[in-house]
Amino acid sequence: MERIPILKLGDFLLVTIQVDMHDQLAITLQDDLTTQIAKHASRGVLIDISSLEIVDSFIGRMLANIAAMSKVLDAQTVLTGMQPAVAITLVELGMSLSGIKTALNVERGMEILRQFSDQSYELQDANGFQE
Amino acid sequence: MASRSEVHPIAGAADVVKVRQVARSWALELKLSLVDQTKLVTAASELARNTLDHGHGGTMRVEQVENGLRRGIKLTFEDKGPGIPDIAMALRDGYTTSGGLGLGLSGSRRLVNEFDIKSEVGRGTIVAITRWK
């Protein structure tokens, strides 16, 4: 079965969507990602969509689902590289993806994930978190 | 003047992807701006999925249309599915019968210049959209 590869980089998972996604592929990615987050206890997920030429309501919903699910699993999701034409279309379509953190490129996206991860560790320290 | 047209089947998930590619190549040929291309292709994707999921499959006709000096791309989605009992309701944002977001019809209407829907219960649905250059 066709799959979108998920790369593990330290505490984070990286996904680059480079194909014109059909619906089943989007659903498979959602399932695979949640499994991987739980398996590696990942702190963050970065999804780069710079080569996606469209995001319709189905793909948009899948991205929102991934962000919501990873949040429940204590991981932060960042969506990077959305093309301006895609952003304009998505908002006009009626999807603002307000629940998802976004960044212009992968570099900034990684920065956000690192900050988030550091903050949550600090919070645990402040609360007297002990192993 | 006879304008060119093509008909593509929408029978499976792969056809939704195919329909997007067809809409893209026609929009490119007419030299629509990148934003207009993206809007047309996104609307095509929404409507093709409706044709597949709600209409149990059908077809998309693509044609280049003219109105005076203006040229545009017209896409017509046709199915012989159960039809839509209440079109006004179906065109509302957030109305869904499939557990989706309910943005397919209402959202794609906002992405194009012309939007025309005809539906008959038990007979099927025809949705035609046009994006002018």
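Lettering follows sequence order; numbering is per chain, from 1. Computed from a prediction, not measured in an experiment: that's the story for all the values here.
Interface remark: B:V16 contributes no atoms to any contact with chain A (heavy atom separation under 4.5 Å).
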*Could you give me the CA-CA distance, side-chain angles and deciding distance for A:F58 and A:I27, then say whether side-chain contact (heavy atoms from CB on, under 4.5 Å) is met?*
CA-CA 10 Å; A:F58 189 89; A:I27 293 167; 3.9 Å; yes
Considering only heavy-atom distances, could you tabulate the donor-acceptor pairs under 3.5 Å between chain A and chain B?
| from | atom 1 | to | atom 2 | distance (Å) |
| --- | --- | --- | --- | --- |
| A:D20 | OD1 | B:R20 | NE | 3.2 |
| A:D20 | OD1 | B:R20 | NH2 | 2.8 |
| A:M21 | O | B:R20 | NH2 | 2.6 |
| A:D23 | OD1 | B:R49 | NH2 | 2.9 |
| A:D23 | OD2 | B:R49 | NE | 2.7 |
| A:E53 | O | B:R24 | NH2 | 3.4 |
| A:D56 | OD2 | B:S45 | OG | 2.5 |
| A:D56 | OD2 | B:R49 | NH1 | 3.1 |
| A:D56 | OD2 | B:R49 | NH2 | 2.9 |
| A:S57 | N | B:E46 | OE2 | 2.5 |
| A:S57 | OG | B:E46 | OE1 | 2.7 |
| A:S57 | OG | B:E46 | OE2 | 3.0 |
| A:R61 | NH1 | B:G99 | O | 3.2 |
| A:E92 | O | B:R110 | NE | 2.7 |
| A:E92 | OE1 | B:K39 | NZ | 3.4 |
| A:E92 | OE2 | B:K39 | NZ | 3.1 |
| A:L93 | O | B:R110 | NH2 | 2.8 |

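Residues B:A23 and B:L75 approach most closely at CB-CD1, 4.2 Å, considering heavy atoms. A:S117 and A:D11 make their closest contact through OG-OD2, 4.4 Å (heavy atoms, listed as atom of the first residue, atom of the second, distance). The nearest pair of heavy atoms linking A:S70 to A:T77 is OG-OG1, 2.5 Å.
By the criterion of side-chain heavy atoms lying less than 4.5 angstrom apart, applied directly or through intervening Ile, Leu, Val, Met, Phe, Trp or Tyr residues, A:V19 is grouped together with A:M62 in one hydrophobic cluster.
With A:I17 as reference, A:L29 is the one residue of A:D48, A:L29, A:V55 to meet the side chain to side chain contact (heavy atoms under 4.5 Å, CB included) rule.
With chain B as partner, the option from A:A85, A:G60, A:P84 having the largest number of non-hydrogen pairs under 4.5 angstrom is A:A85.
Between atom CE of residue A:M110 and atom CG of residue A:L14 there is a gap of 5.5 Å, rounded to the nearest 0.5 Å.
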